[in-house]
Protein chains: 2
Amino acid sequence: MQRDTRQRRAIRRVFMDCGRPLTPEQILQAGQDIVPSLGLATVYRTVKAFALEGWLVEVELPGGTLRYEIAERPHHHHFLCRSCDQAFDIPQCPETVEDIAPEGFEVDGHEIILFGRCVACA
Amino acid sequence: MQRDTRQRRAIRRVFMDCGRPLTPEQILQAGQDIVPSLGLATVYRTVKAFALEGWLVEVELPGGTLRYEIAERPHHHHFLCRSCDQAFDIPQCPETVEDIAPEGFEVDGHEIILFGRCVACA
DNA sequence: ATATGTGCAAACTCTTTGCATGGAG
DNA sequence: CTCCATGCAAAGAGTTTGCACATAT
């Protein structure tokens with residue numbers, strides 16, 4: 001991750017303009033509007049490298065495909081639209097959510113996913 | 001799903017004895033203790049058929065592999081152990097969790113996943 | 001000038017499907 | 001005896017890797 005290439009700038013731009021978790025395929029589509037020759041393998045390699053660096057994090061939502069989003073955002077959760085399959089950020093968090101763990105289980109993190117229809121699809 | 005075969009009885013038994021979400025590979029391992037000739041394709045076909053019938057439901061937790069569990073259980077959530085990668089049921093649910101959705105989003109379901117170490121690994 | 005990054009295509013892994021055989025009814 | 005279900009192996013889908021060429025530094 002030493003060089004600043006057109007492809008990497010394009011992928012960074014896509015995430016900064018978008019602010020939602022994205023699948024590799026979605027990144028490819030948006031990235032090709034900036035660098036048409038962009039290849040899927042480069043997308044996979046680049047998001048993995050960004051995740052290793054800590055600039056992106058993996059977000060695993062139902063649907064089978066791993067999504068990525070910018071890491072340095074406040075704690076938040078996700079909404080997955082059943083109609084358009086887009087993921088959205090939810091800035092809030094119910095503080096007490098980790099209290100439901102059974103006795104003896106050590107909790108070090110949590111994920112909340114809401115399902116339904118987004119504003120555009122509702 | 002008309003015939004009651006050794007393989008189907010074995011897979012049903014595995015779920016009833018286990019009471020946790022299982023991956024196809026875990027089902028295969030446990031099922032082969034009952035029917036050694038059991039094949040992975042049969043596991044995939046059978047859990048899909050059980051899910052269609054409504055006896056099983058798909059559970060999608062981080063890790064990439066779809067898991068399955070018995071459907072007719074009260075609403076609950078899941079704990080995923082970072083050490084042994086086993087999934088556990090959490091019988092409780094914070095009632096207010098769907099309130100965090102932004103304005104205009106129609107929520108029709110939710111999933112909560114806690115991460116950490118299970119009783120056995122803690 | 002040098003070595004990292006890219007794009008293509010082949011390799012891999014996980015899941016699904018086709019087909020001949022086995023077994024439930 | 002019939003036809004559904006199984007097991008194997010091949011085919012698909014999504015992701016990763018090897019290699020020669022392009023390009024940032």
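In the text below, chain A, chain B and the rest are named by the order of the sequence lines, each starting its count at 1.
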How many whole angstroms separate atom [atom1] of [X] from atom [atom2] of [N]?
X	N	atom1	atom2	result
B/L40	D/dA11	CG	C1'	15 Å
B/F50	D/dA5	CZ	C1'	12 Å
A/M1	D/dA24	CE	P	15 Å
B/E25	C/dC14	CD	C1'	10 Å
A/L28	C/dG7	CG	C1'	12 Å
B/R8	C/dG23	CZ	C1'	12 Å
B/I11	D/dG7	CD1	C1'	13 Å
B/K48	D/dA5	NZ	P	16 Å

Please round to the nearest 0.5 Å and tell me the distance separating atom CH2 of A/W55 and atom CZ of A/F15.
6.5 Å
Can a donor-acceptor pair under 3.5 Å be found between the side-chain atoms of [X] and the base atoms of [N]?
X	N	value
B/R6	C/dG22	no
A/R3	D/dT25	no
B/R9	C/dG23	no

Tell me if the aromatic rings of B/F105 and A/F88 count as close, with their centers under 6.0 Å from one another.
yes
If the plane angle is over 60° it's perpendicular, under 30° parallel, otherwise tilted; pick one for B/H110 and B/H77.
tilted
For A/R13, I'd like to know if atom CZ has over 12 heavy atoms of other residues, nucleotides or ligands within 6.0 Å.
no
With nearest nucleotide decided by heavy atoms, which residue, B/A41 or A/G39, maps closer to the 5′ end of DNA chain C?
A/G39
Would you say [X] places a side-chain N or O within less than 4.0 Å of OP1 or OP2 belonging to [N]?
X	N	result
B/T5	D/dT6	yes
A/Q7	C/dG7	yes
B/R45	D/dT6	no

Are A/V59 and A/L56 joined in one hydrophobic group, where the rule is that I, L, V, M, F, W and Y side chains link up if heavy atoms are under 4.5 Å apart?
no
Please determine, for the side chain of B/Q2, which listed nucleotide (D/dG7, D/dA5, C/dG7) has the closest atom?
D/dA5
